[in-house]
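Naming convention: chains lettered A, B, ... in sequence-line order (proteins, then strands); numbering from 1 in each chain.
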Amino acid sequence: MDRSLDTFIKEIAELLGTTLQMRGADIASLIERPQKANQGDYALPCFFLGKEQGRNPVEIARELADQLAPAGSIEKIAAAGPYLNFFVNRIAFVGRAIGAVIKTGATYGHSTVGAGQTLVLDYSSPNIAKPFGIGHLRSTVIGHAIKKLHDALGYKTIGINHLGDWGTQFGSMIVAYKKWSDKPAEELTVSELVALYVKFHAESEADPALQDAARAAFKKLEEGDPEHVALWERFKADSLKEFDRIYDMLGVHIDVASGESFFNDKMGGTIKRLKAAGLATESEGALIVDLEGHGMPPCLLLKSDGATLYATRDLAAAEYRYQTYKFDRMVYVHGQEQKLHFKQVFKVLELLDREWAHGLVHAEFGHYRFKDAKMSTRKGKTILLEEVLNKAIELAEKIVTEKNPDLEDKTNVCRAVGIGAIIFADLSNRRKRDVEFDWDRILSFEGETGPYLQYAHVRVCSIERKWGKPIGPDTNLELLTEEAEFQLAKKLADFPPTIRRAAEQYEPSLVSTYLLEVAREFSSYYEAHRVLNEAAPDLTAARLTLVAAVRQTLANGLRLLGIEPLSEM
RNA sequence: GCGCCCGUAGCUCAGCCGGAUAGAGCAACGGAUUUCUAAUCCGUAGGUCGCAGGUUCGAGUCCUGCCGGGCGUGCCA
């Protein structure tokens with residue numbers, strides 16, 4: 001947890017400093033947050049003192065509790081076994097925590113720790129001429145969230161959609177088209193393209209000659225054969241149109257769309273440099289970088305027919321991007337199956353003495369698993385992302401019609417609820433884990449879901465709408481004396497460190513989990529405490545400020561995840 | 001074979017630098033709506049944290065081995 005901003009920890013450290021004869025920062029790093037409310041607000045585990053002094057930590061904690069006098073915002077110091085527990089002045093805590101949210105508003109949780117640093121993100125990266133399946137949701141939404149998290153921390157970020165628009169697969173497409181389709185290329189739909197792709201893989205299993213033909217066709221494409229290039233451009237244009245529609249639905253806009261083909265004329269230079277550095281060697285007819293000394297299989301640069309490979313394109317892309325953006329870090333949001341690939345690419349760049357190679361990160365993620373059959377694009381078994389999104393929107397419509405039939409902005413609300421549900425369902429899983437794909441679960445709107453967060457946000461908006469007046473600046477937050485109000489304020493104060501941790505670890509799920517906790521505590525508070533009370537205007541104003549802080553935190557968090565907060569649903 | 005990731009309640013998952021009594025949701029059961037949106041809330045029940053060792057004052061968390069699952073392991077991306 002990030003302690004630098006916590007003024008209470010600072011106070012505790014100062015209190016302890018003289019007695020323990022330690023530096024404040026060292027003490028601060030030892031302070032913990034107890035799990036249970038009755039254990040105090042902060043705690044110092046005394047085991048390390050016991051060890052140092054060869055004494056029982058329980059005794060030490062008791063002694064310290066006797067010696068130390070509460071001061072400032074620290075109201076009570078008590079020993080509980082080997083722990084020294086600190087209780088803060090709740091009024092002070094609530095005031096500071098809520099004040100911080102209200103003061104910073106839409107930038108609550110943001111900071112400038114990343115100022116002056118550039119972060120390049122490579123994410124989404126769907127393959128041209130393949131359907132945009134549910135599998136590509138992960139890279140897209142995780143990458144988008146990681147980008148937003150870093151934006152919030154002051155980094156300059158550049159998102160790159162490294163489209164899979166080059167490689168042997170396009171040889172397959174061209175062969176399949178020529179062999180089985182009699183339609184002019186410009187009339188082909190994406191689903192017909194996919195059908196060709198599937199057919200190619202089915203047939204090529206029985207007839208390996210097809211694969212040779214595909215490789216030859218890609219070689220020709222790479223050499224610039226006009227007929228092949230024209231077909232490829234046709235396939236690509238159709239796919240891009242389809243992708244754009246899906247990105248619009250998701251609300252994701254990636255700064256730069258440069259496919260692998262963009263590096264077609266840049267790979268030669270990379271290979272030249274690798275040869276000059278003595279790294280590229282020939283082996284079994286192919287050009288490789290031998291990585292045996294680094295415990296890895298060789299990195300393949302050129303196939304024996306001279307055509308390029310995935311690694312060749314990533315190497316050229318990395319060099320080009322460094323030249324262009326001078327990034328401090330570049331994060332690849334790609335599946336965990338590519339781990340070795342990136343390890344190899346990073347190592348080769350390191351061997352080429354590219355200092356910046358140390359700033360390269362593979363933020364890998366696990367995949368959707370399917371209960372029954374194994375999904376495979378090649379076999380034509382896939383769940384289309386668009387289908388999932390549309391089902392979610394339909395379901396949202398059904399529920400809205402039932403619960404709030406007079407809603408004005410129904411189309412937009414249903415879209416935001418449905419899409420938000422899908423995005424949140426994905427982002428609530430820890431990045432590295434595989435996730436079970438389950439229609440019931442991904443389309444659930446109850447419990448730990450996107451709609452649950454939306455609902456909590458909507459409820460606050462509804463309270464504010466009903467009140468209808470602005471809250472005065474002289475609100476007396478000292479009236480927020482309920483236990484639940486203190487706990488809620490504590491939870492809100494955790495938002496900034498959560499964002500930092502999520503960005504550091506490239507782990508949006510930390511934000512998801514956190515937001516669920518905020519919404520849960522708020523919902524519980526909402527049931528038990530009425531906000532609007534004409535008979536008690538001061539208390540009403542104080543509670544309105546508290547729930548406004550909750551709304552702001554939820555809204556900021558949802559936006560970081562790429563979900564649009566709603567005021568009605 | 002070797003390498004990487006994962007294994008926590010019936011199911012799906014949280015669990016921070018190793019710290020106090022391992023937490024949620026779903027499903028099940030029982031309650032709550034004259035009151036700010038019940039897409040909600042409250043309660044009950046549900047655990048040998050895959051197994052076996054080790055390190056430590058202390059292990060779901062670190063180390064070793066094994067078991068189970070996923071992925072990778074030279075001309076796909």
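- As a whole-Å value, the separation of A/K432 NZ from B/C6 P is 5 Å.
- Under a 4.0 Å N-O distance rule, the pair A/E507/A/R501 does not qualify as a salt bridge.
- For A/H334 and B/A77, the NE2 to P distance is 14 Å, given to the nearest whole Å.
- Salt bridge absent: A/K490 and A/E521 never bring a charged side-chain N and a carboxylate O closer than 4.0 Å.
- Here, B/C16 and B/U8 have their P atoms 16 Å apart, quoted to the whole Å.
- For the C1' atoms, the distance from B/A22 to B/G58 is 15 Å, rounded to whole Å.
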Annotated structure of RNA chain B as dot-bracket, pair cut-off 3.5 Å, Watson-Crick or G-U only, | for inter-strand, is (((((((..((((.....[...)))).(((((.......))))).....(((((..]....))))))))))))....
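- Note on A/S524: a side-chain N or O is less than 4.0 Å away from OP1 or OP2 of B/C42.
- Taking 4.0 angstrom as the limit, A/R369 places none of its side-chain polar atoms (N or O) nearer than this to OP1 or OP2 of B/C71.
- The residue among A/L407 and A/P45 whose nearest nucleotide of RNA chain B is located toward the 5' end is A/P45.
- A/Y197 and A/F235 have their aromatic ring centers separated by at least 6.0 angstrom.
- Proximity of A/R430 to the phosphate of B/A14: a side-chain N or O atom is located under 4.0 Å from OP1 or OP2.
- Of the candidates B/C5, B/G25, B/U12, the closest approach to any side-chain atom of A/E448 belongs to B/G25.
- Between B/C76 and A/R215, a contact under 4.0 Å exists linking OP1 or OP2 to a side-chain N or O.
- Comparing the same atom, C1', in B/C63 and in B/U55 gives a spacing of 7 Å after rounding to whole Å.
- Checked against the 6.0 Å centroid criterion, the rings of A/H367 and A/F365 qualify as a close aromatic pair.
- At a cut-off of 3.5 angstrom, the base of B/C76 holds no donor-acceptor pair with the side chain of A/T168.
- Separating the CD atom of A/E527 from the C1' atom of B/G31 is a distance of 13 Å, rounded to the nearest angstrom.
- Listed by residue number, the members of residues 54-62 of chain A with any heavy atom below 4.0 angstrom from RNA chain B form an empty set.
- In this entry the distance linking CG of A/L300 with P of B/G74 reads 9 Å, nearest Å.
- Separation of the P atoms belonging to B/A24 and B/G46 is 15 Å when rounded to the nearest angstrom.
- Atom pair A/F424:CZ and B/G25:P shows a separation of 13 Å (rounding to whole Å applied).
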When the side chains of residues 443-450 of chain A are checked against the rest of the protein, which donor-acceptor pairs come out under 3.5 Å, sequence neighbours left out?
unit_1	atom_1	unit_2	atom_2	d
A/S444	OG	A/E446	N	3.4
A/S444	OG	A/E446	O	3.2
A/T449	OG1	A/Y452	N	3.3

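- A/R433 has a side-chain polar atom (N or O) that falls below the 4.0 Å cut-off from OP1 or OP2 of B/G7.
- The residue among A/Q505 and A/E446 whose nearest nucleotide of RNA chain B lies closer to the 5′ end is A/Q505.
- For A/N85 against B/A20, a side-chain-to-base donor-acceptor contact under 3.5 Å is present.
- In this structure, the separation between CD on A/E485 and OH on A/Y525 is 3.5 Å, given to the nearest 0.5 Å.
- At B/G72, none of the side-chain N or O atoms of A/K343 fall inside 4.0 Å of OP1 or OP2 (strictly under the cut-off).
- Between the P atom of B/C11 and the CG atom of A/D434 lies a distance of 17 Å, rounded to the nearest Å.
- The aromatic rings of A/Y310 and A/F342 stand perpendicular to each other, their planes meeting at an angle above 60°, with 30° marking the opposite boundary.
- The NZ atom of A/K347 sits 15 Å away from the P atom of B/C4 (whole-angstrom rounding).
- Distance, A/L510 CG to B/G23 P: 20 Å, rounded to whole Å.
- Taking 4.0 Å as the cut-off between side-chain N and carboxylate O, A/K219 and A/E223 count as a salt-bridged pair.
- Distances shorter than 4.0 Å separate some side-chain N or O of A/K36 from OP1 or OP2 on B/G23.
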